[in-house]
Amino acid sequence: MPLLEPLAGTVPAEWVKLDDRFAGIRGDSHLERLWTGGRWLEGPVYSAAGRYVLWSDIPSDRILRWDETSYQVSVFREPAGNTNGHTLDEQGRLVSCEHGNRRVTRTEHDGSVRVLADSHNGGRLNSPNDVVVSPDGAVWFTDPAYGIDSDYEGHKGSIEVGGCHVYRVGPDGALTVVADDFNRPNGLAFSNDGSLLYVTDTEEATIRVFTVEGDKLQGGELFAECGNGAFDGIRIDSEGRVWGAAADGVHVYHPDGTLLGKLLVPETVSNLCFGGPKRNRLFLTATTSLYSLFTTVNGGRQPYDPTAQSQAV
C-alpha cells in the first residue's frame, strides 16, 4: 500500500485539574499530530506485537496504520466496510465493528476475515460501533444506528432488531442481548478485573456502569454525565480510572464517578487507547487527526495477554 504523509506537527496539550486526586496525572505539554487528513476518525487500537496503531476513517471507508518505529502511515484495508471500533482478542487477532456491512468481524492471522455476528432473531444488526473482549474470550459490542442513519458512515437503512442494544458473542459463538435500554450505546470498557462494564450513551451524554455476572449484566446505574458535548469512546487506566472522549478532549473520572480533570484537545475526540512498550502513551482519534502524547499513567488490562489460554469464538 502507498505511504501517506506522516507526522504533521505538534499542538499544545493542556491538563486541567478539577480534583486534588488528579495531581499525579500529567504528561507531555504537547500533542504529536501523527497524521491528519481524515473525515471522521475512530477506533484506535495498539498492537504491542507489531508496534503499530490501527484506526478507522469511517466516511472514507478505510483502516489506516501508523508504525511506531518509523512514524510511517499507510492504508491497512480499503474498502473496509466503513469500520468503526477495533480491539484485539486474546490471541492478538483484530476484532472490528463494520458500519457498512452491519457486522462484527475478526481478522485471522492468515489475513482472512471471519464474521462473528451480523444478525439477531432474523434481523440484520444496525451498525456495530465499539467492541471489547472480556477475560473469558467473549466479544461484547454496541450496536447504535449511526451507520444506517445516512450514507455518510455506512448505508442508509432501517432498524431490524427492535432497537439499539449491547450484545455479547460467547466463546461458543452464541449472540445474546445483554442490555436493551439504551438510546444509542457507543463506547464500552471493562474494569481491570472484568467485574464491571462501562458503556456510554452518546445521545444521552452519559456513562453507565454494570456489574458483570458471567454472560449477563446487572445494574446499569449512572456513572457520569458529560459536561461538554457527549461521550464517545472510553478506556480504563491501571488504577481503574475511566478516560472518556468528549467534545473538548478527554475527561478523566475516578472509579467513584468524580471528574478528576481533563486533557484539552483542539479537535473533538472520538476515541482513545493506551499503547507503547510501557502502555503509557495515549493515542487519540480526533475528527481529522491521530494524536499521541506520553503520560504518567499506564493503560489497564490489555485485551491481548500472550500468556492467556485461547478460547476461540
Measure the spacing between [atom1] of [X] and [atom2] of [Y] and express it to the nearest 0.5 Å.
X	Y	atom1	atom2	result
Asn126	Ile159	CG	CD1	5.0 Å
Leu290	Leu284	CG	CG	8.0 Å
Leu263	Trp15	CG	CH2	4.5 Å
Tyr253	Ile234	OH	CD1	11.0 Å
Asp20	Thr258	CG	OG1	11.5 Å
His155	Asp149	NE2	CG	14.0 Å

Taking [Y] as the starting point, is it possible to reach [X] by hopping between hydrophobic residues whose side chains are less than 4.5 Å apart?
X	Y	answer
Val269	Leu293	yes
Val250	Leu260	yes
Leu116	Leu175	yes
Phe274	Val265	yes
Tyr198	Val131	no

Taking [X] for its side chain and [Y] for its backbone only, find out whether a donor-acceptor pair lies under 3.5 Å.
X	Y	result
Thr211	Ser195	no
Asn84	His99	no
Ser47	Gly50	yes
Arg279	Gly300	yes
Asp201	Asn183	yes
Ser191	Leu196	yes
Asp61	Ala80	yes

- Message: Does Arg208 qualify as a cation-pi partner of Phe182, given the criterion of NZ or CZ under 6.0 Å from the six-membered ring centre and within 45 degrees of its axis?
- Response: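 Geometry flag: set, cation within 6.0 Å and 45°.
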- Item | Charged tip of Arg65 within 45° of Tyr52 ring normal and under 6.0 Å |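 Positive - Arg65 is close enough to the ring of Tyr52 and near enough to its axis.
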- Query: Which is it for Asp256 and Arg21 under the salt bridge (charged side-chain N to carboxylate O under 4.0 Å, His left out) test, yes or no, and what are the steps along the way?
  - Reply: CA-CA 12 Å; Asp256 67 10; Arg21 290 170 292 179; 3.1 Å; yes
Would you kindly say whether [X] and [Y] are connected by a side-chain donor-acceptor distance under 3.5 Å?
X	Y	answer
Thr107	Arg77	yes
Arg51	Thr69	no
His165	Asp180	no
His86	Ser56	yes
Thr285	Ser270	yes
Trp40	Asp57	no
Thr105	Ser96	no
Asp67	Gln72	no

Any non-hydrogen side-chain atom of [X] less than 4.5 Å from a side-chain atom of [Y]?
X	Y	value
Ser127	Glu153	no
Thr288	Leu41	no
Phe22	His254	no
Val166	Asp143	no
Val45	Leu88	yes
Arg241	Ile25	yes
Ile207	Val199	no
Leu282	Trp243	yes

Show the nearest heavy-atom pair for residues [X] and [Y], with the distance to one decimal.
X	Y	value
Ser289	Arg33	OG-NE, 3.5 Å
Ala179	Phe210	CB-CZ, 4.3 Å
Pro128	Cys97	O-CB, 3.1 Å
Ala247	Gly229	CB-CA, 4.0 Å
Ala189	Arg235	CB-CA, 4.3 Å

- Message: Glu160: which residues meet the side-chain hydrogen bond (donor to acceptor under 3.5 Å, both in side chains) condition with it, sequence neighbours left out?
- Response: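 Scan of Glu160 (side-chain hydrogen bond (donor to acceptor under 3.5 Å, both in side chains), adjacent residues dropped) gives Arg124.
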- Ile63 and Glu78: side-chain contact (heavy atoms from CB on, under 4.5 Å), yes or no, with the steps? CA-CA 7 Å; Ile63 302 172; Glu78 184 179 31; over 6 Å; no
- Item | Intermediate values then yes/no, side-chain contact (heavy atoms from CB on, under 4.5 Å), Leu197 and Leu217 | CA-CA 8 Å; Leu197 180 68; Leu217 298 178; 3.9 Å; yes
- Query: Given Arg168 and Asp136, is the salt bridge (charged side-chain N to carboxylate O under 4.0 Å, His left out) satisfied, shown in steps?
  - Reply: CA-CA 12 Å; Arg168 175 184 184 270; Asp136 66 355; 3.1 Å; yes
Should [X] and [Y] count as an ion pair when the cut-off is N to O under 4.0 Å?
X	Y	answer
Asp151	Lys156	no
Asp28	Arg281	no
Glu203	Arg184	no

- So with a 6.0 Å cut-off around CD of Glu225, is the heavy-atom count from everything else above 12?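 Not buried by this count: 12 neighbours or fewer within 6.0 Å.
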- Query: In chain order, what residues pass the ring pair (Phe, Tyr, Trp, His ring centres under 6.0 Å) check against Phe190, with sequence neighbours excluded?
  - Reply: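 Testing Phe190 for ring pair (Phe, Tyr, Trp, His ring centres under 6.0 Å), a comparison that skips the adjacent residues, returns Trp140.
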- Query: Per the side chain to side chain donor-acceptor pair (under 3.5 Å) rule, which among Gln91, Arg114, Arg93 passes with Glu108?
  - Reply: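 Filter result, single survivor: Arg93.
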- Task: Apply the side chain to side chain donor-acceptor pair (under 3.5 Å) test between Asn186 and each candidate in Thr142, Asp232, Asn271; give the one that qualifies.
- Result: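 Of the listed residues Thr142, Asp232, Asn271, the side chain to side chain donor-acceptor pair (under 3.5 Å) partner of Asn186 is Asp232.
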- Task: Please work out which of the three classes, parallel, tilted or perpendicular, describes the rings of Phe141 and Tyr167, given edges at 30° and 60°.
- Result: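 Tyr167 and Phe141: parallel rings.
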- Verdict with supporting geometry, Tyr291 and Phe283, ring-ring contact (aromatic ring centres under 6.0 Å, His included): CA-CA 6 Å; Tyr291 294 96; Phe283 294 94; over 10 Å; no
- Among Tyr71, Trp55, Phe76, Trp35, whose ring pair (Phe, Tyr, Trp, His ring centres under 6.0 Å) with Trp66 holds?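 Of the listed residues Tyr71, Trp55, Phe76, Trp35, the ring pair (Phe, Tyr, Trp, His ring centres under 6.0 Å) partner of Trp66 is Tyr71.
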